[in-house]
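A, B, ... follow the sequence lines: proteins, then strands. Residue 1 opens every chain. This is a predicted model, so every value here is computed, not measured.
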Amino acid sequence: MPELPEVEITRRGIAPNIVGQHVITVVARIPALRYPLPVRFDKLLSGKVLRKIERRGKYLLFDFDTGVLLVHLGMSGSLRLVPVALPAQKHDHVDLVFGQTILRLRDPRRFGAMVWIDGDPESHPLLSTLGIEPLSEAFSASWLFAITRKRKAAIKIVLMDSHRVVGVGNIYASESLFRAGIDPRSPAGKISLKRYERLAPAIKETLSLAIAAGGSSLRDFVHSDGSLGYFQLQAFVYGREGELCRICERPVRMIRQGQRATFYCPHCQR
DNA sequence: CTGGTCACCTGGAAGC
DNA sequence: TGCTTCCAGGTGACCA
C-alpha cells in the first residue's frame with residue numbers, strides 16, 4: 001500500500017508518540033516476513049529507547065542506541081498506534097509495546113520486512129544500493145538526463161528502479177508522467193533535457209502534494225491512528241482505464257510494463 | 001552493466 | 001452460491 005508519501009506520513013504520524021520512549025516488550029507472532037524477523041527480537045529491544053525515526057526511500061529506520069530497526073511495509077503493510085488492550089487481529093504480526101501504546105505492524109501479504117542493523121546503516125546491503133531521494137536537491141532534470149543517456153528502458157521503468165531513484169512507485173510514476181506530459185513508454189535515453197525539466201518538478205510536486213494532503217490517493221491507505229486516507233488527491237490516470245482524461249476528455253489507456261499496470265493519456269502524453 | 005522475468009503471499013473483485 | 005481467474009501500493013534474485 002505504501003509509496004514514499006505514505007511511508008513519510010506514517011513516520012510523521014507515529015514519531016511524536018513513541019520517540020523518546022523505551023520498548024517494554026516485543027511480540028512477534030510469525031517467524032518471518034520477507035526476511036526472518038530479528039532473533040530474540042524481544043530481548044533485542046526490551047528496555048531500549050527509541051531515539052528517532054528516519055526514512056530512506058520506502059524504508060523506515062527506527063534508531064535505538066544499540067542499532068537500527070529497519071522496517072519496510074511492502075505492498076500491504078501498515079503501522080498503527082493502538083492501545084495496549086486492543087487484541088491483535090489476523091495479519092497483525094508484530095507489536096512493539098511502548099508503555100500504554102503499541103506500535104502494531106499489520107501486513108497481510110507479508111512482503112514487508114523488519115531487519116536489525118547493528119553496524120552502519122548506510123553500508124547495509126538493503127540501503128547501500130538505494131538511489132537518490134526524489135525530494136532532494138540532487139534529484140534534478142540534469143541528473144535525470146545524465147543517468148539516462150543511452151538507456152533504452154522505458155522512462156516509467158527507470159523511475160521505478162529504486163537503485164536509481166527511491167520512493168517512486170507504480171501510482172506516482174504514472175501520475176508524475178501524466179503531469180509532465182510524457183509517454184511512459186518513451187525510452188529514457190531519448191528524452192530531452194527540456195522534457196526532464198518538466199518531469200523532475202512533476203515528480204517532486206506529485207510526491208509533495210500527496211504528503212501535504214496527509215492522506216493519499218491510495219484506496220485503502222491506513223493512517224497510524226487507524227483512520228483511512230482522504231482521497232483528496234484525485235488521480236489523473238491511475239486506475240482510470242477507459243475513463244475520460246481530466247484534461248482532454250479522451251479515454252485513459254492501460255498497458256503493462258514490467259508486469260505492472262501503467263495508465264496514461266495517449267493524447268496528453270507524448 | 002542492461003533489460004527482462006520470476007518469486008514471494010493473501011484477499012478482494014470479477015467472471016462464469 | 002460457489003468455483004476459478006485475475007489483480008494489487010515492492011523489490012531482490014536470477015538469466016541471457
Side-chain angles (χ1 to χ4, degrees), chain A residues 1-11 29-37 55-60 70-79 89-94 105-115 124-131 134 146-177 184-190 203 206-207 210-211 213 215-224 228-231 233 235-242 254-263:
Chain A
M1 80 184 5
E3 294 190 29
L4 186 152
E6 290 72 35
V7 175
E8 178 60 21
I9 291 158
T10 296
R11 189 188 71 79
R29 301 182 183 83
I30 50 170
L33 292 165
R34 178 171 190 174
Y35 308 110
L37 292 173
R55 181 188 57 72
R56 176 77 175 93
K58 296 172 193 165
Y59 288 94
L60 288 173
L70 188 64
V71 178
H72 197 289
L73 299 175
M75 293 274 262
S76 58
S78 61
L79 285 170
Q89 294 181 270
K90 195 175 183 183
H91 306 304
D92 287 344
H93 303 310
V94 178
L105 175 73
R106 176 175 300 180
D107 186 3
R109 292 178 72 182
R110 288 185 265 132
F111 288 165
M114 278 192 169
V115 173
H124 188 277
L126 290 175
L127 297 177
S128 64
T129 54
L130 291 181
I147 65 137
T148 52
R149 287 316 86 191
K150 302 192 176 172
R151 291 284 72 78
K152 292 177 183 167
I155 182 58
K156 191 217 181 202
I157 301 286
V158 172
L159 291 183
M160 289 181 63
D161 180 357
S162 64
H163 301 301
R164 300 184 190 285
V165 195
V166 294
V168 184
N170 203 37
I171 294 178
Y172 296 118
S174 281
E175 292 298 305
S176 301
L177 285 163
R185 300 167 299 179
S186 304
K190 293 192 133 182
I203 291 167
T206 306
L207 298 176
I211 293 170
S216 86
S217 55
L218 305 195
R219 272 161 230 282
D220 60 354
F221 174 67
V222 180
H223 284 270
S224 56
L228 292 174
Y230 319 133
F231 313 107
L233 290 187
F236 279 104
V237 287
Y238 187 83
R240 298 190 67 242
E241 182 187 17
M254 179 180 78
I255 56 173
R256 293 246 153 220
Q257 290 182 289
Q259 279 123 279
R260 314 300 300 276
T262 296
F263 300 86

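Listed candidates were dC8(B), dT10(B), dG3(B). Nearest to the side chain of Phe111(A) is dC8(B). Distance from the side chain of Ser162(A) is smallest for dG12(C) among the nucleotides dG12(C), dG10(C), dG3(B). Closest contact between the side chain of Arg164(A) and the listed nucleotides dG3(B), dA8(C), dT2(B) involves dT2(B). Relative to the side chain of Gln259(A), the nucleotides dC6(B), dG3(B), dT10(B) differ in distance, and dC6(B) lies closest. Looking at the side chain of Arg110(A), the nearest of the listed nucleotides dG12(C), dG3(B), dC9(B) is dC9(B). Counting only heavy atoms from C-beta on, Arg109(A) has its side chain closest to dA8(C) among dG12(C), dG3(B), dA8(C). With distances taken from any side-chain atom of Tyr238(A) to the nucleotides dT5(B), dG12(C), dA8(C), the minimum falls on dA8(C). Side-chain proximity of Lys58(A) to the nucleotides dG11(B), dG10(C), dA8(C) is greatest for dG10(C). Between dG12(C), dG10(C), dG11(B), one nucleotide has an atom nearer to the side chain of Leu126(A) than all others, and that is dG12(C). Comparing atom distances between the Lys152(A) side chain and each of dG10(C), dG3(B), dC9(B) picks out dG3(B) as nearest.
Side-chain atoms of Glu175(A) come within 3.5 Å of backbone N or O of Phe236(A) as a donor-acceptor pair.
Side-chain N/O atoms of Arg34(A) include none lying less than 4.0 angstrom from OP1 or OP2 on dT10(B).
With a 4.5 Å cut-off on side-chain heavy atoms, Lys156(A) and Arg260(A) count as touching.
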